[in-house]
*Asks:* 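Attaching a single structure in C-alpha cells format; questions to follow.
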Amino acid sequence: QQKMLSSLKELENSQKELFDSIIDLPEKERDAQNALSKFDLEMRNKKRRIDNQNLPGLSDSYQNNFAAVIREINHLDEDLGKAHVNIDDVSKQVIIIQSDMDTLEDQTTKMLDDANLAEQTIQYANRYISSNPEIASASVKAQNYFEKQYDYSKSLSTISEALENQSSGIISKIKND
C-alpha cells in the first residue's frame, strides 16, 4: 500500500509538471511572436536607415548577411504559423536571430559611419588634388572603392592614409567637424 501511495504521489507530481509546462506554452509562443514582430520592425528600420543615406550600393557580403537574417525571420514566422509549434526549436531560433540581428546592426552602423566619413574625407581631399599627386591618386582609388565596389571602409582608409601623410591629425579634425 505504501508503494502504491508513493507511485500515486509520483504520478500526481509528473501530471502537475506537465500541466505547468502546458500552461507556459502559450506564454512562450506569445513571447516568440513578440520577438518576431520586433525583428521585423528592426529590419524595416535598418533598411530605411540605409535607404536614407543614398549610398551608391551595398557590398555583396553585407547584402548576403542582410538576406540571411531575413530568411531566418521568415523561417521563424513559418514555424510559428504551424498548427503544432515546437517551442524549443522556436526559442533557439529567437536566440540565434537576436545574435545575428546584433551582428548586422554593428555591421550597418560601421558601414554607414565609414560611408559618411569617407564622403566627407574625399570632399576634403579635393582641396589638395591639383597640388598633391599622392592625394589625387588616392582620391581616385577611394572614389572607385566608394562608388563601384561599395567598400566604404577601404575607401575611407585609402583617402585617410594619403591625407594623414600630408597633414598628421587631419582625419581627427574631419571627424570632429
*Asks:* Atom CG of Asn116 and atom CD of Glu119: how far apart are they, to the nearest 0.5 Å?
*Replies:*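 Here the interatomic distance stands at 6.5 Å.
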*Asks:* Under the 3.5 angstrom rule, does the side chain of Asn52 hit a backbone N or O of Arg48 as a donor-acceptor pair?
*Replies:*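 Such a contact is found between Asn52 side chain and Arg48 backbone.
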*Asks:* With sequence neighbours left out, which residue pairs that include part of residues 146-161 fulfil the salt bridge (charged side-chain N to carboxylate O under 4.0 Å, His left out) condition?
*Replies:*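 Every candidate salt bridge (charged side-chain N to carboxylate O under 4.0 Å, His left out) pair involving residues 146-161 fails, so no pair, neighbours aside, qualifies.
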*Asks:* Between the side chains of Glu105 and Thr109, does any donor sit under 3.5 Å from an acceptor?
*Replies:*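 Yes, a side-chain donor-acceptor pair sits under 3.5 Å.
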*Asks:* Measure the CG-CG distance between Asn65 and Asp60 for me, rounded to the nearest 0.5 Å.
*Replies:*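 Those atoms lie 11.0 Å apart.
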*Asks:* Do the non-hydrogen side-chain atoms of Lys175 and Gln120 ever get within less than 4.5 Å of each other?
*Replies:*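 Lys175 vs Gln120: side chains apart.
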*Asks:* Could you check, using the six-membered ring where one of them is a Trp, whether Tyr152 and Tyr145 have ring centers closer than 6.0 angstrom?
*Replies:*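 Ring-ring flag for Tyr152/Tyr145: false, centres at least 6.0 Å apart.
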*Asks:* Taking all heavy atoms of Ala118 and all of Ser155, pick out the closest pair and write down the distance.
*Replies:*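 For Ala118 versus Ser155, the nearest heavy atoms are CB-OG, 3.8 Å.
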*Asks:* Just wondering, do Leu163 and Ile174 contact through their side chains at under 4.5 Å, heavy atoms?
*Replies:*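 In short, these two side chains touch, coming nearer than 4.5 Å.
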*Asks:* Could you state the interatomic distance from NZ (Lys173) to CD1 (Ile171), rounded to the nearest 0.5 Å?
*Replies:*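 Here the rounded value is 11.0 Å.
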*Asks:* Identify, with sequence neighbours excluded, every residue that meets side chain to side chain contact (heavy atoms under 4.5 Å, CB included) alongside Thr108.
*Replies:*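 Checked Thr108 against side chain to side chain contact (heavy atoms under 4.5 Å, CB included); matches are Lys46, Arg49, Ile50, Tyr62, Leu104, Leu112.
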*Asks:* Considering all heavy atoms of both residues, which atom of Ala142 and which atom of Thr158 are nearest to each other, and what is their separation?
*Replies:*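 Here Ala142 and Thr158 meet closest at N-CG2, 4.1 Å.
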*Asks:* Is there side-chain contact between Tyr124 and Ile170, with at least one heavy-atom pair below 4.5 Å?
*Replies:*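 Yes. Closest side-chain heavy atoms under 4.5 Å.
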*Asks:* With rounding to the nearest 0.5 angstrom, report the CD to OG distance, Glu134 to Ser139.
*Replies:*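 Glu134 CD to Ser139 OG: 12.0 Å, rounded to 0.5 Å.
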*Asks:* Between OG of Ser153 and CG of Asp113, what distance do you get to the nearest 0.5 Å?
*Replies:*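 The OG atom of Ser153 sits 11.0 Å away from the CG atom of Asp113.
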*Asks:* Using a 4.5 Å cut-off on heavy atoms from C-beta on, say whether the side chain of Ile73 contacts that of Val69.
*Replies:*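 They are in contact (side-chain heavy atoms under 4.5 Å apart), so the answer is yes.
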*Asks:* Which residue pairs pass the salt bridge (charged side-chain N to carboxylate O under 4.0 Å, His left out) test with at least one member in residues 90-102, sequence neighbours excluded?
*Replies:*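 For residues 90-102, and leaving out neighbouring residues, there are no salt bridge (charged side-chain N to carboxylate O under 4.0 Å, His left out) pairs at all.
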*Asks:* Any side-chain heavy-atom pair from Gln33 and Leu36 closer than 4.5 angstrom?
*Replies:*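 SC-SC contact between Gln33 and Leu36 confirmed.
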*Asks:* Going through the distances and angles, do Phe66 and Gln107 end up as a side chain to side chain contact (heavy atoms under 4.5 Å, CB included)?
*Replies:* CA-CA 10 Å; Phe66 195 94; Gln107 291 172 344; over 6 Å; no
*Asks:* Of all residues at least two apart in sequence or in a different chain, which pass the side chain to side chain contact (heavy atoms under 4.5 Å, CB included) check with Asp79?
*Replies:*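 Result, side chain to side chain contact (heavy atoms under 4.5 Å, CB included) vs Asp79: His75, Lys82, Asp89, Val90, Gln93.
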*Asks:* Compare all side-chain heavy atoms of Lys38 with those of Asn34 and state whether any distance is below 4.5 angstrom.
*Replies:*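 Lys38 vs Asn34: side chains apart.
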*Asks:* Could you check if a side-chain atom of Asp106 sits within less than 4.5 angstrom of a side-chain atom of Thr103, using non-hydrogen atoms only?
*Replies:*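 Contact flag for Asp106/Thr103 side chains = no.
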*Asks:* Rounded at 0.5 Å granularity, tell me how far CE in Met101 sits from CD in Gln98.
*Replies:*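 Here the rounded value is 6.5 Å.
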*Asks:* Considering residues at least two apart in sequence or located in another chain, which fulfil the ring-ring contact (aromatic ring centres under 6.0 Å, His included) criterion with Tyr150?
*Replies:*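 Result, ring-ring contact (aromatic ring centres under 6.0 Å, His included) vs Tyr150: none returned.
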*Asks:* With sequence neighbours excluded, what pairs up with Phe39 under the ring-ring contact (aromatic ring centres under 6.0 Å, His included) test?
*Replies:*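 In terms of ring-ring contact (aromatic ring centres under 6.0 Å, His included), with neighbours along the sequence ignored, Phe39 is linked to no residue.
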